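None of these values were measured; they are calculated from a predicted model.
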Amino acid sequence: MPTERLTIPTTRGYELSGALELPSGLVRGAAVFAHCFTCTKQSRAAVEVTRALAQHGIATLRFDFTGLGRSGGNFGRAGFASDLEDLVESTRYLAGRFGKGLLLVGHSLGGAAVLAAADMLEEDTVAAIATIGAPAEVEHVLGTVKGDLAAIERDGEGQVDIGGHRYNLSRDFLDAVRDVDLLGRVEALRIPLMFCHSPTDEIVDVDNAAKLFVAAKHPKSFVSLAGADHLLSRHEDARFAASVIASWAYRYIPMREDWPMPEEGVVVKTGHGKFGTEVHTRSHRFLADEPTSYGGDDSGPTPYDLLNAALGTCSAMTMKMYADRKGWPLEGVTVRVTHERDHKDECDHVAAMEEGRQMQALHRSIELHGEDLDEDQRARLIEIADKCPVHRTLEGELHVHTERAD
């Protein structure tokens, strides 16, 4: 997925460092992702989940909270209240770019942050919220802090260890964590909520999800991330969480449309990737792309894949339709099609071609399924494949006419 590096100005005089994951095709919706306590936007969960959401058409912003990663400010003096301000300003930035009706996604303490920040934003800015491994109480994170918290309360600040890193925390930081009634804020929310949690989470146990779920109003959902650890360190766990969240969010976030479906033919439009291109038919939408070895995102079939597929599918449909009409015992067809760019060395009619024109070829291999088919029926079905409409189009006199639509 294409990634746009950006900075988000704050009212506190410094900038937040962000990364916007964009779909290879068109943007269907937008989301903000909040990372876990003392993590950064480059944590595995942040990267995996935001990129997976982008693959589902949801442009997703992840950013470093104050004093973490590449963002400015002082983490030890910021606290949870500053995290909420970071979320509000990042969400407003994204709403200014993609419009209101955003999805908020938070991991661990980031999940608590998105729940607490939602009512600080303008009406209709947030359409839905999903959390991953969120605590039911913000104060829960202090259990991961190694240090003399009583001394910090007494002296105003002090050194602590969090996840192997040293931080200088202030009394205000501790107060901001302890003063939040998260369950009360969740109970007051009137937007769709989803709580994703692993029953084997050893850092924030699953009872936290139960408390959040009970406090929330409908519509609300719970998804078990069975087998996952708290940090979603396995690739498949992060992608599963993202795919479930994206599917759920489609029901609530406004899907953006740039033009109506075509009445005939197809319409294609470039997306945000190097090659990613959306294909629209009268009733379907999908992506075409190039493989990563060519610099693409491999988010869809290549143009030549689609060409091969056109011949293969039309051949299979035509043979099946013919066999059904005849009442023959054809159980199925497998067609394999490959494209050859330079066919002249194997072609004895190259001399009849205009000089300078390239001879290409499509190779089609057909496997007929059905033990009761006799040899005459099999031979006839192979002949019928050559009569499929796409085959006739490709071997006929085909002209491509191009005009400027503007």
* Run the salt bridge (charged side-chain N to carboxylate O under 4.0 Å, His left out) check on Lys211 and Glu137 step by step: do they pass? -> CA-CA 9 Å; Lys211 292 176 183 178; Glu137 298 176 354; 5.1 Å; no
* Asked: Does a donor on one side chain sit under 3.5 Å from an acceptor on the other, for Ser299 and Asp289?
  -> yes
* Asked: Ion pair present between Arg70 and Glu15, side-chain N to carboxylate O less than 4.0 angstrom?
  -> no
* To do: List for me each residue that meets salt bridge (charged side-chain N to carboxylate O under 4.0 Å, His left out) alongside Glu290, sequence neighbours excluded, and say none if there are none.
  => none
* Please report the C-alpha distance between His197 and Ser224 in whole Å, then the side-chain angles of each, then the deciding distance to 0.1 Å, and finally whether the side-chain contact (heavy atoms from CB on, under 4.5 Å) criterion is met. => CA-CA 5 Å; His197 215 111; Ser224 175; over 6 Å; no
* Would a distance-only check, ignoring hydrogens and angles, find a side-chain to backbone donor-acceptor pair under 3.5 Å from Ser243 to Phe240? -> yes
* Assess whether side chain to side chain donor-acceptor pair (under 3.5 Å) is satisfied between Asp86 and Thr66, documenting all intermediate values. => CA-CA 7 Å; Asp86 292 346; Thr66 292; 2.8 Å; yes
* Can you list every pair that meets disulfide (SG to SG under 2.5 Å) and has a residue in residues 30-78, with sequence neighbours left out? -> Cys36-Cys39
* Any side-chain heavy atom of Tyr322 sitting closer than 4.5 Å to one from Leu330? -> no
* List in chain and number order the residues that pass salt bridge (charged side-chain N to carboxylate O under 4.0 Å, His left out) with Asp83, two or more places apart in sequence or in another chain; answer none if no residue qualifies. => none
* Considering all heavy atoms, the nearest Pro23-His272 contact -> O-CB, 3.1 Å
* Should Asp297 and Leu287 count as side-chain neighbours, where that means a heavy-atom distance under 4.5 Å? -> no
* Looking only at heavy atoms, which two atoms of Val214 and Lys220 are closest? And how far apart? -> O-NZ, 3.9 Å
* Arg62-Thr50 side chain donor-acceptor pair, cut-off 3.5 Å -> yes
* **Side chain to side chain, Phe195 and Val223, heavy atoms closer than 4.5 Å** => no
* To do: Mind running side-chain contact (heavy atoms from CB on, under 4.5 Å) on Thr338 and Leu362 for me, showing each step along the way?
  => CA-CA 6 Å; Thr338 58; Leu362 295 178; over 6 Å; no
* **Set of salt bridge (charged side-chain N to carboxylate O under 4.0 Å, His left out) partners for Asp324, sequence neighbours left out** => Lys320
* Structure fact -> Rounded to the nearest 0.5 angstrom, the NE2-CD distance for His35 and Gln42 is 10.0 Å
* Structure fact -> From the list Val337, Thr334, Ile382, side chain to side chain contact (heavy atoms under 4.5 Å, CB included) with Ile366 holds only for Ile382
* Note: Arg239-Glu236 ion pair, threshold 4.0 Å (strictly below) -> no
* Residue pairs fulfilling ring pair (Phe, Tyr, Trp, His ring centres under 6.0 Å) with at least one residue in residues 208-231, sequence neighbours excluded -> His107-His230
* About how many Å separate CE of Met319 and CG of Leu381, when rounded to the nearest 0.5 Å? -> 7.0 Å
* Mind checking what makes salt bridge (charged side-chain N to carboxylate O under 4.0 Å, His left out) contact with Glu331, not counting sequence neighbours? -> none
* Identify, with sequence neighbours excluded, every residue that meets side chain to side chain contact (heavy atoms under 4.5 Å, CB included) alongside Arg378. => Leu368, Leu373, Glu375
* Structure fact -> Hits for ring pair (Phe, Tyr, Trp, His ring centres under 6.0 Å) against Phe63, two or more places apart or cross-chain, chain-then-number order -> Phe65
* Return the minimal non-hydrogen interatomic distance between Arg92 and Leu121, and the atom names on each side. => CG-CD2, 3.9 Å
* Just wondering, are more than 12 heavy atoms of other shown residues or ligands nearer than 6.0 Å to CD in Glu123? -> no
* **Results of side chain to side chain contact (heavy atoms under 4.5 Å, CB included) for Asp207 - residues two or more places apart only** => Asp205
* **Ion pair Glu21/Arg51, N-O distance below 4.0 Å** => yes
* For the atom pair CZ (Arg234) and CG (Leu225), what is the distance rounded to the nearest 0.5 Å? -> 10.5 Å
* Structure fact -> Rounded to the nearest 0.5 angstrom, the OG-CG distance for Ser108 and Asp201 is 7.5 Å
* To do: Using atom types as modelled and distance alone, determine if a side-chain donor or acceptor of Arg185 lies under 3.5 Å from a backbone N or O of Ala116.
  => yes
* Asked: Considering residues at least two apart in sequence or located in another chain, which fulfil the side chain to side chain contact (heavy atoms under 4.5 Å, CB included) criterion with Tyr304?
  -> Thr302, Leu307, His339, Arg341, Gln360
* Side chains of Lys41 and Ser17: do they bring a donor and an acceptor to under 3.5 Å? -> yes
* Answer yes when Arg364 and Asp386 have at least one side-chain N-carboxylate O distance shorter than 4.0 Å, and no when they do not. => yes
* Among all residues two or more places apart in sequence or in another chain, which pass the side chain to side chain contact (heavy atoms under 4.5 Å, CB included) test with Arg97? -> Glu4, Leu6, Leu20, Tyr93
* Structure fact -> In this structure, CG of Leu311 is separated from OG1 of Thr393 (nearest 0.5 Å) by 10.5 Å
* Under the side-chain hydrogen bond (donor to acceptor under 3.5 Å, both in side chains) test, residues paired with Glu187 that sit two or more places apart -> none
* Would you say the side chain of Leu115 lies within less than 4.5 Å of the side chain of Leu182, judging by non-hydrogen atoms? -> yes
* Looking only at heavy atoms, what is the nearest atom pair of Ala127 and Pro192, with distance? -> O-CD, 3.2 Å
* With side chains defined as the heavy atoms from C-beta onward, is the minimum distance between Leu102 and Ile253 less than 4.5 Å? -> no
* To do: Examine the side chains of Glu403 and His401 and answer whether a donor and an acceptor come within less than 3.5 Å of each other.
  => no
* For residues Trp248 and Ser221, determine if any side-chain heavy atom of one lies less than 4.5 Å from a side-chain heavy atom of the other. => yes
* Structure fact -> When every non-hydrogen atom of Leu94 is compared with those of Ala30, the smallest separation belongs to CD2-CB, 3.9 Å
* **Side-chain heavy-atom pair Ile191, Ile129 within 4.5 angstrom cut-off** => yes
* Hey, what do you get for CD1 (Ile58) to CG (Leu53), rounding to the nearest 0.5 Å? -> 5.5 Å
* Lys/Arg-Asp/Glu bridge criterion (N-O < 4.0 Å) met for Glu85, Arg12 -> yes
* Pairwise side-chain contact, Leu87 with Val114, heavy-atom cut-off 4.5 Å (strictly under) -> yes
* Over 12 non-hydrogen atoms of neighbours within 6.0 angstrom of OH in Tyr294 -> no
* Thr3 and Leu22: CA distance, side-chain angles, deciding distance, side-chain contact (heavy atoms from CB on, under 4.5 Å) verdict -> CA-CA 6 Å; Thr3 305; Leu22 290 161; over 6 Å; no
* **Closest non-hydrogen atom pair, Met194 against Ile245** => SD-CG1, 4.0 Å
